[in-house]
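Quick notes on the structure that follows.
Throughout, protein chains are lettered first and strands after them, A, B, ... in sequence-line order, and every chain is numbered starting at 1.
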There are 2 protein chains.
Amino acid sequence: MLRIAKLTDYAALLMVRLAREPARCFSAAQLADELGLPSPTVAKLMKRLLRAGLLTSVRGAGGGYCLALAPHAISVADVVEAIEGRVALTECAVGKGVCALEPDCATGANWQRISRAVRAALDTVRLDDMARTPWQPVRMQGLKEKLS
Amino acid sequence: MLRIAKLTDYAALLMVRLAREPARCFSAAQLADELGLPSPTVAKLMKRLLRAGLLTSVRGAGGGYCLALAPHAISVADVVEAIEGRVALTECAVGKGVCALEPDCATGANWQRISRAVRAALDTVRLDDMARTPWQPVRMQGLKEKLS
DNA sequence: CACTAATAGGACTGTATCGGTGCTAATTGG
DNA sequence: CCAATTAGCACCGATACAGTCCTATTAGTG
Ligand code: FES
Ligand code: FES
């Protein structure tokens, strides 16, 4: 269905939460509790985001994570790539000649072009866009959640 | 890695092959043989593409498939959606409140926006773009294939 | 009217990836 | 020294995917 991994969705939630208070540091447990996510999973995600350079960390008691860059400087593409690796729609776009099908098959180049276009689309949305909420929850479901 | 399914890649190959001779009809076996793909898989894909309205079929001996529209009227997005279903990066973009996390979480709307952007990116490339090969295979691998 | 070639549609299965969990270091503050 | 917290890896179960096969149905051919 051309969907991102669920973990990526979680990661986006985490990053958006951090983007709401960029200066503050959060522990993994704290974030898990606040967002209602399983804390081991959150811990794992934070590690990946850290490795990608999107976060800085402080170890030891009272430690935690905070954004390495300003919210407007981090895009959804960055988060996706931090969790899932480079955006490459097809095998042939990443490896070399795995598809090795038709000798005069040049779709590989086209897929690379398409991958770049998708990457660009993901790059247009930044964390501050996600954090800002210029959107009214008109859906029933949203209201129901508010009531509970 | 935000990749399309391998079957989608195959489907694209098939469609591009058809686009090279839009008037001609091909049998599934013929296409499989020509492209070096497993024929049951090709048969399955053709069925899905047919259902999506991208192909027309003729049954019986001497039958086969051919494009339902002109090559320039079919985009990569069409092919992707024929095989994988609607482009929806996240659960919440397709279902209703599966993620049900933060009450004031509005990232769902953002994901829908992003999904549309990705869809648009895939829509920019049409079959005739893919069929046309304005691209020189400078890669070693390409040359090697040509030699064999 | 058989027989063959081909699509139509579905069921089934092995496998790879993903989501999730747990454990063991290393580090920091009290 | 102890508690809190990150760092890194290893493992395991579920889910979705790739691939195969089987049974209709339809159309041409001798
Ligand atoms: S399909 Fe990947 S290069 Fe041909
Ligand atoms: S993450 Fe889907 S609506 Fe909040």
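- Spacing between atom CG of A:Leu31 and atom P of D:dT5 amounts to 12 Å, rounded to whole angstrom units.
- Between B:Lys44 atom NZ and C:dC12 atom C1' there is a gap of 10 Å when expressed in whole angstrom units.
- Summary of the strand contacts: A:Val58 and B:Ile4 both lie near DNA chain D, and taking for each the nucleotide with the nearest heavy atom, the more 5' one is attributed to A:Val58.
- One interatomic measurement links the two molecules: CG of A:Leu2 to C1' of D:dA16, which rounds to 15 Å at whole-angstrom precision.
- In this structure, B:Leu50 places its CG atom 7 Å from P of C:dG9, rounding to the nearest Å.
- Between A:Lys6 and the phosphate of C:dG20, there is a side-chain N or O to OP1/OP2 separation shorter than 4.0 Å.
- Formation of a donor-acceptor pair under 3.5 Å by the B:Glu84 side chain with backbone atoms of B:Thr8 is not found in this model.
- Atom CG in A:Leu7 sits roughly 14 Å away from atom P in D:dA16 (whole-Å rounding).
- Distance, B:Leu45 CG to D:dC17 P: 14 Å, rounded to whole Å.
- A donor-acceptor pair under 3.5 Å is absent between the side-chain atoms of B:Asp33 and the main chain of B:Gln30, judged by distance alone.
- Annotation: of the two residues near DNA chain C, A:Ala61 and B:Gly62, the 5′-most nearest-nucleotide partner is B:Gly62.
- Between C:dT28, D:dA27, C:dG20, one nucleotide has an atom nearer to the side chain of A:Arg59 than all others, and that is C:dT28.
- The minimum heavy-atom distance linking A:Leu49 with A:Ala82 is given by the pair CD2-CB, 3.9 Å.
- When each of D:dT26, D:dA18, C:dG9 is scored by its nearest atom to the side-chain atoms of B:Lys47, the top-ranked nucleotide is C:dG9.
- Comparing C:dT21, C:dA6, D:dT20 by their closest approach to the side chain of B:Ser27 singles out C:dA6.
- In this structure a side-chain-to-backbone donor-acceptor pair under 3.5 Å is missing from A:Arg126 to A:Ala73.
- The phosphate of D:dC9 (OP1 or OP2) has a side-chain N or O of A:Arg51 nearer than 4.0 angstrom.
- Atom CG of B:Leu37 is separated from atom P of D:dT20 by 11 Å (rounded to the nearest Å).
- Within the nucleic acid shown, B:Ala43 has no heavy atom closer than 4.0 Å to any nucleic acid atom.
- Rounded to an integer number of Å, the gap from CZ of A:Phe26 to C1' of D:dT5 is 16 Å.
- With A:Ser115 contributing its side chain and A:Trp111 its backbone, the two residues share a donor-acceptor pair below 3.5 Å.
- Nearest to the side-chain atoms of A:Ala28 among the listed nucleotides D:dA7, D:dG19, D:dT6 stands D:dT6.
- Across the interface with DNA chain C, nearest-nucleotide mapping of A:Ala5 and B:Tyr65 shows B:Tyr65 to be the residue nearer the 5′ end.
- Between A:Arg48 and C:dG19 there is no side-chain polar atom (N or O) within less than 4.0 angstrom of OP1 or OP2.
- Checking the phosphate oxygens (OP1, OP2) of C:dA8, a side-chain nitrogen or oxygen of B:Ser57 falls inside 4.0 Å.
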